[in-house]
Amino acid sequence: MNTPVITSLLDTDLYKFTMWQTLLHRHPQTQTEYRFVCRNQPGYPLAELKADVERELDALCALSFREDELAYLKGLRFIKSDFVDFLRIFRFQRAFIEVTTDGPQLQIVARGPQVHVMGFEIPVLAIVNELYFRRLDTPEVRAEGQRRLSAKIAALQAFAAEPRPQRHPFDLFDFGLRRRFSGAWQREVVRQLRDALPQHFKGSSNVLLAKELGLVPIGTMAHEYLQTYQALGTVRLRDHQKAALEDWVQEYRGDLGTALTDVVGMDAFLADFDLYFAKLFDGLRHDSGDPVVWGEKALAHYAKLRIDTHTKRLVFSDGLTVAKAIELYRHFADRVQLGFGIGTHLSNDMGLQTLNIVMKLTHANGQPVAKLSDSPGKTLCEDETFLAYLRQVFGIKS
């Protein structure tokens, strides 16, 4: 029998912990629903994985944080001691997550208190991905994955050897946990990048790998954090972004200062990202839409507010490849600090078709929530009435 896919509760992205702490402190009573979705056509029906996914979730729910893991988290200056105390007694509750099938489709739904179900997202995605690719894993696939990784490293080393007239450095991060080929392969990829590119490879979103490989854990907030504020009932829908950003500022007081911009689109975000927030946050993260257009809008916004862009950072993380990251670096590096979070292209480039899977927040406190993405295929909400209302409130044309 195979070892469980997830053997440590640190094997998740840092932003799960940072959002978790904020929501535990600010809105612990929120009830939520998260749903698994596969956006593309898999090579075989994911419904075939149901029994294995059930078994993996049983194993996940038997895990608790180990003392060395808690000590590591406590050592991160933005993690508060009472949150570590909460994590010491935390376990995933199996009753809060359900796996069913609908024909060939796999359906996974987590329902319950947000502070008890929000953590399911990343392990569920890693579990489905690894189970799916175990059936396709061969020595030839591994060899092709290594060949492609070696080519990326060589390209990055050649890029690093170029004379560098640009003002700001090229900083690369691993964001590949959720759609990795396997946990073992992600570890190998990150280890090789760390060893081959010490001047450019700056960290991983995977907290376990950061801990064990001596890297910086990377991450701040995801869509679910801002989406939650759409349904709290204590703030107008029009003000939900400002309320979410304000709570973040109060929680971290200068740490973790990268704001996500695309929950209701970049234009609507910038309308709320006034001088107060623009000075308090270190920078912005891109996750949908044309990255050059997005970056130019961000720089123009900072210029309008008379903020020196050299003091700010733009982080790109939407379906990046090494070549695209280098292209974006050449475009922006003279004007602003940059970071590049590469996911599937690093952790699952094996010559096989990848799964485009997500597990997204769909409801909070019984109300629908939505993401109005700058990339049409990324808009997520099953309630067309709420989508129309959200667009109207923010003046967004459908």
Open item on the list: When you measure from the side chain of Asp290 to the backbone of Val293, do you find a donor-acceptor pair of N or O atoms at a distance under 3.5 Å?
Closed with: yes

TODO: Give the cluster check for Val249 versus Leu260: same hydrophobic cluster or not, with ILVMFWY residues linked at side-chain heavy-atom distances below 4.5 Å.
DONE: yes

TODO: For the pair Lys312 and Asp282, find out whether any cationic side-chain nitrogen is under 4.0 Å from an anionic carboxylate oxygen.
DONE: no

Task: Proximity of His200 and Tyr329 rings by center, below 6.0 Å - done: no

- [ ] Answer yes or no: is there a side-chain heavy-atom contact under 4.5 Å between Arg391 and Leu387?
- [x] yes

TODO: Decide whether Val216 and Leu14 are clustered together by the hydrophobic rule: side chain heavy atoms of Ile, Leu, Val, Met, Phe, Trp, Tyr closer than 4.5 Å, transitively.
DONE: no

TODO: Determine the interplanar angle of the Phe96 and His116 rings, folded into 0 to 90°, and report it as parallel if under 30°, tilted if 30 to 60°, perpendicular if over 60°.
DONE: tilted

Open item on the list: Between Asp274 and Phe277 (side chain of the first, backbone of the second, donor and acceptor by atom type, cut-off under 3.5 Å), is there such a pair?
Closed with: yes

- [ ] Answer yes or no: is there an ion pair linking Asp239 with Arg236, defined by an N-O contact shorter than 4.0 Å?
- [x] yes

TODO: Identify the two heavy atoms, one from Leu361 and one from Val369, that lie closest to each other, and give their separation to 0.1 Å.
DONE: O-CG2, 3.5 Å

Open item on the list: Is the distance between the ring centroids of Tyr34 and Phe36 under 6.0 Å?
Closed with: no

Open item on the list: Distance alone, cut at 3.5 Å: any donor-acceptor contact between the side chains of Thr261 and Trp294?
Closed with: yes

Open item on the list: If we count only N and O atoms by modelled type, under 3.5 Å, do the side chains of Asp247 and His25 hold a donor and an acceptor together?
Closed with: no

Open item on the list: Side chains of Asp383 and His363: any donor to acceptor distance under 3.5 Å?
Closed with: no

- [ ] Please assess Lys50 against Glu54 for the test salt bridge (Lys or Arg N to Asp or Glu O under 4.0 Å), listing each intermediate value before the final yes or no.
- [x] CA-CA 6 Å; Lys50 179 180 184 296; Glu54 298 265 25; 2.9 Å; yes

Open item on the list: Quick check on the hydrophobic clustering: are Val322 and Val315 connected, directly or via other members, by side-chain heavy-atom contacts under 4.5 Å?
Closed with: no

Task: Ring geometry between Phe83 and Phe17 (parallel below 30°, tilted from 30 to 60°, perpendicular above 60°) - done: perpendicular

Open item on the list: Between Asp262 and Arg285, does any NZ, NE, NH1 or NH2 come within less than 4.0 Å of an OD or OE carboxylate oxygen?
Closed with: no

Open item on the list: Are the side chains of Val141 and Phe181 in contact, using a 4.5 Å heavy-atom criterion?
Closed with: yes

Open item on the list: Taking the six-membered ring of Tyr252 as reference, does the cationic atom of Lys80 (NZ for Lys, CZ for Arg) lie under 6.0 Å from its centre and within 45° of its axis?
Closed with: yes

TODO: Fit a plane to each ring of Phe394 and His240, take the angle between them on a 0 to 90° scale, and name the class: parallel (under 30°), tilted (30 to 60°) or perpendicular (over 60°).
DONE: perpendicular

Open item on the list: According to salt bridge (charged side-chain N to carboxylate O under 4.0 Å, His left out), does anything in residues 104-123 pair up with another residue at least two apart or in another chain? List the pairs.
Closed with: Lys16-Glu121, Glu33-Arg111, Glu98-Arg111, Glu121-Arg178

Open item on the list: Less than 3.5 Å apart, any donor N or O on the side chain of Ser150 or Gln146 sitting next to an acceptor on the other?
Closed with: yes

Open item on the list: To the nearest 0.5 Å, what is the distance between SG on Cys38 and OH on Tyr132?
Closed with: 8.0 Å

TODO: Please assess Trp248 against Tyr225 for the test ring-ring contact (aromatic ring centres under 6.0 Å, His included), listing each intermediate value before the final yes or no.
DONE: CA-CA 10 Å; Trp248 195 269; Tyr225 174 70; 5.0 Å; yes

Task: Side-chain heavy atoms of Val393 within contact of Val264, under 4.5 Å - done: no

Open item on the list: Quick check: closest heavy atoms across Phe269 and Leu245, and the distance to 0.1 Å?
Closed with: CE1-CD1, 4.1 Å

- [ ] Look at Arg148 together with Glu144 and state whether they make a salt bridge at an N to O cut-off of under 4.0 Å.
- [x] yes

Open item on the list: Between Arg335 and His310, is there a side-chain donor-acceptor contact under 3.5 Å, judged purely by atom types and distance?
Closed with: no

- [ ] For Arg55 and Asp52, run salt bridge (Lys or Arg N to Asp or Glu O under 4.0 Å): C-alpha distance rounded to whole Å, both residues' side-chain angles, the deciding distance at 0.1 Å, then the answer.
- [x] CA-CA 5 Å; Arg55 186 187 68 247; Asp52 290 336; 2.7 Å; yes

Task: Side-chain donor or acceptor of Lys211 paired with backbone N/O of Pro217 under 3.5 Å - done: no

Task: Sub-4.5 Å side-chain heavy-atom contact between Arg77 and Asp255 - done: yes

Task: Flag for Asp11-Asn206: side-chain donor and acceptor within less than 3.5 Å - done: yes

Task: Within-4.5 Å side-chain heavy-atom neighbours: Leu46 and Leu355 - done: yes

Open item on the list: For the residue pair Glu296 / His331, report whether a side-chain donor-acceptor contact shorter than 3.5 Å exists.
Closed with: yes

TODO: Report yes if some heavy atom in the side chain of Phe133 is under 4.5 Å from a heavy atom in the side chain of Asn348; otherwise report no.
DONE: yes

Open item on the list: I'd like to know if the side chain of Asp272 pairs up with that of Gln241 as donor and acceptor (distance under 3.5 Å, no hydrogens or angles considered).
Closed with: yes

Open item on the list: Between Glu162 and Arg330 (salt bridge meaning N to carboxylate O under 4.0 Å), is one present in this structure?
Closed with: yes

Open item on the list: Under a 3.5 Å distance rule, please check whether Gln227 uses its side chain to pair with a backbone N or O of Ala370 as donor and acceptor.
Closed with: yes

Task: Phe170 side, atom CZ; Leu197 side, atom CG - distance, nearest 0.5 Å - done: 9.0 Å

- [ ] May I ask you to decide if Cys61's main-chain N or O and Arg94's side chain share a donor-acceptor pair within less than 3.5 Å?
- [x] no

Open item on the list: Testing the basics here: between Pro123 and Thr12, what is the closest heavy-atom pair and its distance to 0.1 Å?
Closed with: CD-OG1, 4.3 Å

Task: Donor-acceptor under 3.5 Å (Ser8 side chain, Leu10 main chain) - done: yes

Open item on the list: Check this for me: Arg253, atom CZ, are more than 12 non-hydrogen atoms of other residues, nucleotides or ligands nearer than 6.0 Å?
Closed with: no

Open item on the list: Test your reading of the model: is there a side-chain donor-acceptor pair from Arg179 to the backbone of Ile357, 3.5 Å cut-off?
Closed with: yes

Open item on the list: Quick check against the 3.5 Å criterion: does His345 have a side-chain atom that pairs as donor or acceptor with the backbone of Ile342?
Closed with: no

Task: Phe173 ring center within less than 6.0 Å of Phe201 ring center - done: no

Open item on the list: Tell me whether Thr22 contacts the main-chain N or O of Thr18 through its side chain, where contact means a donor paired with an acceptor under 3.5 Å.
Closed with: yes

- [ ] Work out which heavy atom in Thr30 is nearest to a heavy atom in Thr228; give both atom names and the distance.
- [x] CG2-CG2, 4.1 Å

TODO: Taking all non-hydrogen atoms of both residues into account, name the closest pair between Leu193 and Leu346 and its distance.
DONE: CD1-CD1, 3.8 Å

Task: Donor-acceptor pair between Gln31 and Gln114 side chains, under 3.5 angstrom - done: no

Task: Pair Asp85 + Arg88: basic N to acidic O under 4.0 Å - done: yes

Task: Within 6.0 angstrom of Tyr44 OH, more than 12 heavy atoms from elsewhere - done: yes

Task: Side-chain donor or acceptor of Tyr15 paired with backbone N/O of Trp20 under 3.5 Å - done: no

Open item on the list: Which heavy atom of Ile307 sits nearest to which heavy atom of Ala278, and what is that distance?
Closed with: CD1-CB, 3.5 Å

Task: Shared hydrophobic cluster, Leu208 / Phe175 (ILVMFWY, side-chain heavy atoms < 4.5 Å) - done: no

- [ ] Run the numbers on Phe120 and Phe92 for ring-ring contact (aromatic ring centres under 6.0 Å, His included), then give the verdict.
- [x] CA-CA 8 Å; Phe120 274 119; Phe92 283 112; 4.5 Å; yes

